[in-house]
Q: 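Pasting a structure here, questions to come.
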Amino acid sequence: MTSFVVYDVFTDCAFGGNKFAVIPDATSLKEDQLQKIARELNFSETTIVYPPVDSENTTKVRFPPRLWKCPLQVIP
């Protein structure tokens, strides 16, 4: 079983924003499994988190590129 969390972003009230899924530990998942999970969630954005690849970083983050429906937007 894979755990994930869902956040509402760009809002100040629950269930009022853009749904955003985070898979906090994808180390045991294969690429095809990640694609299936993202497809099943059917959110515009899904974030996949891995442990860092080097000591200068705290984590490694991926987005399933084949499922992108629009370019990534970073809002400061």
Q: Heavy atoms only: give me the nearest L34-A26 pair and the separation to one decimal.
A: CD2-CB, 4.0 Å
Q: Looking at N18 and F20, would you say the former's side chain and the latter's main chain have a donor-acceptor pair under 3.5 Å?
A: no
Q: Return the OG1 to CD distance between T46 and Q35, rounded to the nearest 0.5 Å.
A: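 The CD atom of Q35 is 9.5 Å from OG1 of T46, to the nearest 0.5 Å.
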Q: Quick check: closest heavy atoms across P24 and S3, and the distance to 0.1 Å?
A: CD-O, 3.4 Å
Q: Can you tell me which residue among T47, V49, L29, V5 is in a side chain to side chain contact (heavy atoms under 4.5 Å, CB included) with I23?
A: L29
Q: Quick check with a 6.0 Å cut-off and a 45 degree axis cone: is K60 positioned over the face of Y50's six-membered ring?
A: yes
Q: Is it true that a side-chain atom of D8 and a backbone atom of A14 form a donor plus acceptor pair closer than 3.5 Å?
A: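 No, D8 side chain to A14 backbone: no donor-acceptor pair under 3.5 Å.
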Q: CD1 of I37 to CG of D32: how many Å apart, nearest 0.5 Å?
A: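 It is 9.5 Å, given to the nearest 0.5 Å.
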Q: Is there a side chain to side chain contact (heavy atoms under 4.5 Å, CB included) between Q33 and T2? Walk through the geometry before answering.
A: CA-CA 10 Å; Q33 293 171 307; T2 300; over 6 Å; no
Q: Could you go step by step and tell me if F4 and L41 meet the side chain to side chain contact (heavy atoms under 4.5 Å, CB included) rule?
A: CA-CA 10 Å; F4 65 92; L41 293 172; 3.6 Å; yes
